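Have a look at the structure below, then the notes.
Computed from a prediction, not measured in an experiment: that's the story for all the values here.
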Amino acid sequence: MVASLNLSKTEKIIDLEIPIIDLSADRSEVSELIVKACEEFGFFKVINHGVPHDVIARMEQQSYEFFSKPASGKQQAGPANPYGYGCKNIGLKGDIGEVEYLILQTNPLSIDHNSKSISSTDPKKFSSAVRGYVEAVKKLACETLELMAVGLGFPDPSVLSRLIRDVECDSLLRFNHYPKADDGAASPSSIGFGEHTDPQILTILRSNGVDGLQISLNDGVWVPVNPHPVSAFCINVGDALQVMTNGRFLSVRHRVMVNSYKSRMSMAYFSAPRLDATISCLPGLLTPQKPPLYRSFTWAEYKKAAYSLRLGDSHSRLNLFKALQNDDENSN
């Protein structure tokens with residue numbers, strides 16, 4: 001059965017052009033375009049991104065092979081607590097969607113170890129595909145963060161990217177598979193993955209060209225993200241980056257709707273710092289007129305809060321970390 005989402009009468013689906021940014025263009029121009037996209041959408045697509053096609057193809061093929069296994073074979077890689085294979089139960093707080101998924105840590109030792117339970121036929125081939133893909137998308141994430149830093153006027157382009165370069169960073173790779181409905185019974189309002197924001201710094205997303213992803217720029221307004229051009233990666237701002245830019249960049253709410261006739265698969269790289277890293281507003285973005293919106297916290301502290309809440313609560317998650325002066329102002 002497909003879980004049905006009852007759309008509110010106040011919800012609207014609108015067509016809006018999502019920015020497509022050519023990373024091979026002039027660097028200063030690209031930096032400006034990325035900053036503008038992060039301020040207005042919290043989301044954009046990139047082309048000419050430098051991730052080799054064969055690296056993408058190998059990872060996609062390994063993903064298809066995993067999800068095509070019988071349920072008993074896939075369950076050997078589970079349960080997802082928090083890493084491993086899961087089906088329909090999203091996380092640990094009762095959220096349910098029409099999705100099966102595989103979550104991996106991205107450090108090489110974990111990749112090699114977990115590949116043995118994920119691919120019993122050829123774990124080395126799976127491990128090699130994951131390693132190659134992670135290396136490529138991590139490089140893209142770092143490049144994007146450095147372009148953001150330049151666009152924000154920081155003299156040190158690595159002010160953001162160094163947080164995810166650390167070998168002990170807490171980044172993860174998630175594969176989502178949304179099977180088509182066998183009887184074609186899914187309605188246009190059937191939900192695959194509920195509304196949420198990503199808690200990490202930056203998300204690098206690749207899908208198989210099937211519609212379903214939507215972002216919300218305003219309450220009740222949803223914008224479908226067209227999966228073309230097929231060569232593009234989608235990139236979105238996470239909660240941690242919203243904090244570090246003092247609210248200048250938007251951690252965009254998004255969801256996935258299922259397709260009755262086509263299965264959808266996506267691969268998301270969530271770039272995060274090490275657990276003991278401090279998340280706080282970058283000094284260059286603070287002024288007397290705009291003090292910090294959020295207090296400082298460690299990534300471990302914020303991650304714990306994220307895992308303790310349901311998907312639908314994610315848009316209010318940052319309220320738990322507001323700076324004291326903002327709470328005082330709101331109470332007057």
Side-chain angles (χ1 to χ4, degrees), residues 16-51 137-166 169-171 197-205 215 217 232-253 269-274 277-299 302 318 321-326 329:
L16 192 65
E17 196 68 30
I18 301 298
I20 301 174
I21 300 175
D22 184 348
L23 294 184
S24 67
D26 177 75
R27 184 175 175 85
S28 61
E29 178 184 352
V30 170
S31 295
E32 292 176 5
L33 290 173
I34 288 178
V35 167
K36 183 179 180 181
C38 290
E39 292 173 336
E40 296 181 0
F41 294 88
F43 190 100
F44 55 98
K45 303 176 188 179
V46 294
I47 57 175
N48 293 320
H49 41 67
V51 181
V137 292
K138 180 177 182 178
K139 181 179 179 181
L140 174 58
C142 288
E143 179 186 2
T144 304
L145 290 170
E146 288 171 4
L147 287 165
M148 288 178 181
V150 170
L152 289 169
F154 287 98
D156 178 8
S158 69
V159 65
L160 293 169
S161 63
R162 63 187 176 215
L163 289 169
I164 66 169
R165 287 190 186 277
D166 195 299
C169 71
D170 194 45
S171 300
T197 62
D198 296 337
Q200 293 87 358
I201 295 175
L202 200 70
T203 302
I204 309 291
L205 177 71
I215 64 173
L217 304 179
F233 274 89
C234 294
I235 299 181
N236 66 268
V237 172
D239 294 350
L241 188 55
Q242 178 170 318
V243 171
M244 288 188 286
T245 59
N246 209 27
R248 184 168 170 178
F249 288 0
L250 301 175
S251 181
V252 65
R253 288 178 290 148
Y269 175 78
F270 299 97
S271 56
R274 43 189 294 157
T278 298
I279 305 296
S280 61
C281 178
L282 297 171
L285 298 178
L286 295 175
T287 66
Q289 293 74 32
K290 191 160 187 180
L293 297 175
Y294 308 97
R295 65 175 177 83
S296 298
F297 50 85
T298 65
W299 168 240
Y302 193 72
L318 279 172
F321 295 86
K322 281 187 174 180
L324 289 176
Q325 67 260 29
N326 293 312
E329 289 171 2

task = Would you indicate whether the side-chain heavy atoms of Y269 and T203 approach each other to under 4.5 Å?
result = no
key: Side-chain (S31) to main-chain (L147) donor-acceptor, under 3.5 angstrom   = yes
inquiry  = I'd like to check E146 versus R27 (side-chain heavy atoms, cut-off strictly below 4.5 Å). Are they in contact?
reply    = yes
ask   = Do I279 and P273 have side chains that get closer than 4.5 Å, going by heavy atoms?
value = yes
query = Do the side chains of L202 and I235 get nearer than 4.5 Å, heavy atoms only?
reply = yes
query = Hey, are the side chains of V237 and F43 touching, using non-hydrogen atoms and a 4.5 Å cut-off?
reply = no
message = What I want to find out is whether R248 reaches E40 closely enough, with some N-O distance under 4.0 Å, to be called a salt bridge.
response = no
request  = Measure the shortest side-chain to side-chain distance between I204 and H49 over non-hydrogen atoms and say whether it is less than 4.5 angstrom.
outcome  = no
request  = Return the minimal non-hydrogen interatomic distance between V150 and P157, and the atom names on each side.
outcome  = CG2-CB, 4.2 Å
Criterion side chain to side chain contact (heavy atoms under 4.5 Å, CB included) against F233, the qualifying member of L205, T144, L140 = L140
inquiry  = Between D198 (side chain only) and Q200 (backbone N and O only), is there a donor and an acceptor less than 3.5 Å apart?
reply    = no
query = Just wondering, do K45 and I21 contact through their side chains at under 4.5 Å, heavy atoms?
reply = no
inquiry  = Tell me if a side-chain donor or acceptor on S251 pairs with a main-chain N or O of D239 at a distance below 3.5 Å.
reply    = yes
inquiry  = Under 6.0 Å between ring centres: does that hold for F321 and F297?
reply    = yes
task = For C38 and F44, work out which heavy atoms get closest and say how close.
result = SG-CE2, 3.7 Å
task = Would you indicate whether K290, at its atom NZ, is surrounded by more than 12 heavy atoms from other residues, nucleotides or ligands within a distance under 6.0 Å?
result = yes
ask   = Do S271 side-chain atoms and A141 backbone N/O form a donor-acceptor pair below 3.5 Å?
value = no
ask   = For the residue pair M244 and L163, what are the closest heavy atoms and their distance?
value = SD-CD1, 3.6 Å
query = Can you tell if the side chain of L217 reaches within under 4.5 Å of the side chain of I215, non-hydrogen atoms only?
reply = yes
Expected output: side-chain N246 to main-chain P291 donor-acceptor under 3.5 Å = yes
query = Would you say S158's side chain and R162's backbone share a donor-acceptor pair under 3.5 angstrom?
reply = no
